[in-house]
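Heads up, the thing below is written out as structure tokens.
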Amino acid sequence: MKHLMPAFVSPVNARYIGEPIVYPDILGRPYRSIQTNESAIVYIERMLRAESLSRIFLIASDHVRNDLAPDNEFGSITHLEFLKQRISKECPNLEDCFTVLNYSDAVDGAEKLEKNILQIADIADAVSEYAKQYPNDAIKMRADMTGGFRHTSMMMLSIMQLLKDRGIAIGEVLYSDPNVPTVYRATEIQRMFSLINGADEFVKFGSVDAVWEYFGDNPPEPLNSLLKAMKTFSEAIKICRTSTIEGELKDLGRHIQTFREHSGKDIKSELFAKIIDTIETEYGVPANMSIARAAAVESMSFGRNWKPVRF
């Protein structure tokens, strides 16, 4: 398996060169960090143990790529080179595992937003091209949400979604807080967006695949029964079983109502309960759906193979 990790490179803070941030426990051992990206990269490398990171994609702004870091143990080097040196010092096996991806913030206004979007796509393309070199290997990506500008967390989420759509599995998403100091797993935040997208796919296209992927193989009841009802309805839509769609739609409504009344307290069930309004609004009032309301499904677009439903 190939393990990849993108990270927006943060500038070096002169304060931490003299007083490094002491992380008392990163997977069983302390670590003294100067640049904010360090702790997240070290966390993943220690987690992987013998497997190790295959490639670290350092997304570097003009500033960290071109300007010199404050006086430090490595001499006159840029902020970007400082991070590479620090990681290589802690993990010598990663010395040749860096790929630098340029990110420019030189423009302002509306042009900046457009340029950011294009650069997000370019970054995703670069990761995809690397993955294509290993067609026989499973690829898994981790991400550091710590470094860079204030809006880079949104950019990283977009990069992850693009790569996920291209078949690259998403693993741990990390956020390193130097004030605590602790490295947090923020994976569920990224997965929350996947669940929201899954609910939207079900409403627009009748696809339940993304929702099933989020919950896994053994969701608790009554969530499990609701997901099965969504899947049955989805299958009826896909093959245009017009004689059964009304019944499946009413059954879906009953399961939504049961889920609302008896949903568990696990975090996944609670999160789904908060977004199920999207499905409920599109498909009618639970357990009381009329044929007229069911016929409203006709106005939905369920992909290229969808044909209008007639009751």
Side-chain angles (χ1 to χ4, degrees), residues 1-60 64 69-70 72-74 77 79-98 138-150 152-154 156-157 159-160 169-194 216 265-268 270-271:
M1 176 178 281
K2 298 295 181 183
H3 301 280
L4 317 180
M5 184 175 187
F8 281 90
V9 179
S10 290
V12 179
N13 189 324
R15 167 190 170 188
Y16 296 134
I17 290 178
E19 300 178 14
I21 307 162
V22 180
Y23 288 79
D25 182 11
I26 295 183
L27 297 183
R29 285 183 286 156
Y31 181 73
R32 295 168 64 83
S33 179
I34 293 176
Q35 212 160 349
T36 53
N37 304 103
E38 293 177 40
S39 51
I41 296 173
V42 169
Y43 183 104
I44 292 298
E45 184 63 12
R46 290 181 180 179
M47 182 195 75
L48 293 174
R49 298 181 181 178
E51 289 193 36
S52 189
L53 280 162
S54 307
R55 184 62 44 179
I56 303 172
F57 295 91
L58 298 179
I59 305 169
V64 300
N72 61 84
E73 60 182 306
F74 305 115
I77 59 175
H79 299 263
L80 170 64
E81 288 300 321
F82 180 87
L83 176 59
K84 293 166 69 174
Q85 292 282 357
R86 284 284 297 176
I87 294 301
S88 298
K89 181 179 179 180
E90 174 67 17
C91 311
N93 57 300
L94 296 180
E95 184 176 2
D96 298 320
C97 292
F98 300 105
I139 306 291
K140 196 163 193 176
M141 191 185 84
R142 277 83 181 181
D144 173 21
M145 302 288 282
T146 308
F149 309 101
R150 290 182 180 180
T152 52
S153 59
M154 292 300 297
M156 186 63 81
L157 285 170
I159 292 167
M160 285 189 285
I170 306 298
E172 289 73 18
V173 179
L174 302 181
Y175 177 79
S176 180
D177 187 345
N179 297 314
V180 177
T182 302
V183 179
Y184 294 102
R185 287 195 180 200
T187 311
E188 284 303 318
I189 295 176
Q190 184 272 329
R191 283 172 52 77
M192 178 183 71
F193 285 92
S194 297
K265 295 301 181 182
D266 62 288
I267 186 171
K268 290 183 178 181
E270 289 193 28
L271 179 58

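Counting begins at 1 with the first residue of the sequence.
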Could you check if a side-chain atom of M145 sits within less than 4.5 angstrom of a side-chain atom of M160, using non-hydrogen atoms only?
yes

The side-chain hydrogen bond (donor to acceptor under 3.5 Å, both in side chains) partners of D96 (sequence neighbours excluded) come to none

Do side-chain atoms of R55 reach the backbone of M5 as a donor and acceptor pair under 3.5 angstrom? no

>> Whether the S176 and Y23 side chains hold a donor-acceptor pair (N or O, under 3.5 Å, no angle test) is what I'd like checked.
In response: yes

| request: Would you indicate whether the side-chain heavy atoms of S39 and I26 approach each other to under 4.5 Å? | output: yes

So, E172 side chain and R185 main chain: donor-acceptor pair closer than 3.5 Å or not? no

Donor-acceptor check, side chain of Q35 to backbone of H79, threshold 3.5 angstrom: yes or no?
yes

Check: Would you say the side chain of I159 lies within less than 4.5 Å of the side chain of I59, judging by non-hydrogen atoms?
Finding: yes

(request) Take I21 and E38, measure what side-chain contact (heavy atoms from CB on, under 4.5 Å) needs, and give me the verdict at the end. (result) CA-CA 10 Å; I21 307 162; E38 293 177 40; over 6 Å; no

Q | T146 (side chain) donor-acceptor with N37 (main chain) under 3.5 angstrom | A | no

With a 4.5 Å heavy-atom cut-off, do D144 and M156 have their side chains touching?
-> no

| said: Using side-chain heavy atoms (C-beta onward) and a distance below 4.5 Å, is I189 in contact with Y175? | reply: no

For E90, the side-chain hydrogen bond (donor to acceptor under 3.5 Å, both in side chains) test, sequence neighbours excluded, returns R46

*asked:* Could you tell me if the side chain of F74 sits less than 4.5 Å from the side chain of R86, heavy atoms only?
replied: yes

Between L94 and S52 the two heavy atoms that sit nearest each other are CD2-OG, 3.8 Å

Taken in chain and number order and not counting sequence neighbours, the residues that satisfy side chain to side chain contact (heavy atoms under 4.5 Å, CB included) with V180 are D177, T182, Y184

Inset, instruction - Give the intermediate values and the outcome of side-chain contact (heavy atoms from CB on, under 4.5 Å) for residues R142 and L48. - result: CA-CA 11 Å; R142 277 83 181 181; L48 293 174; 3.9 Å; yes

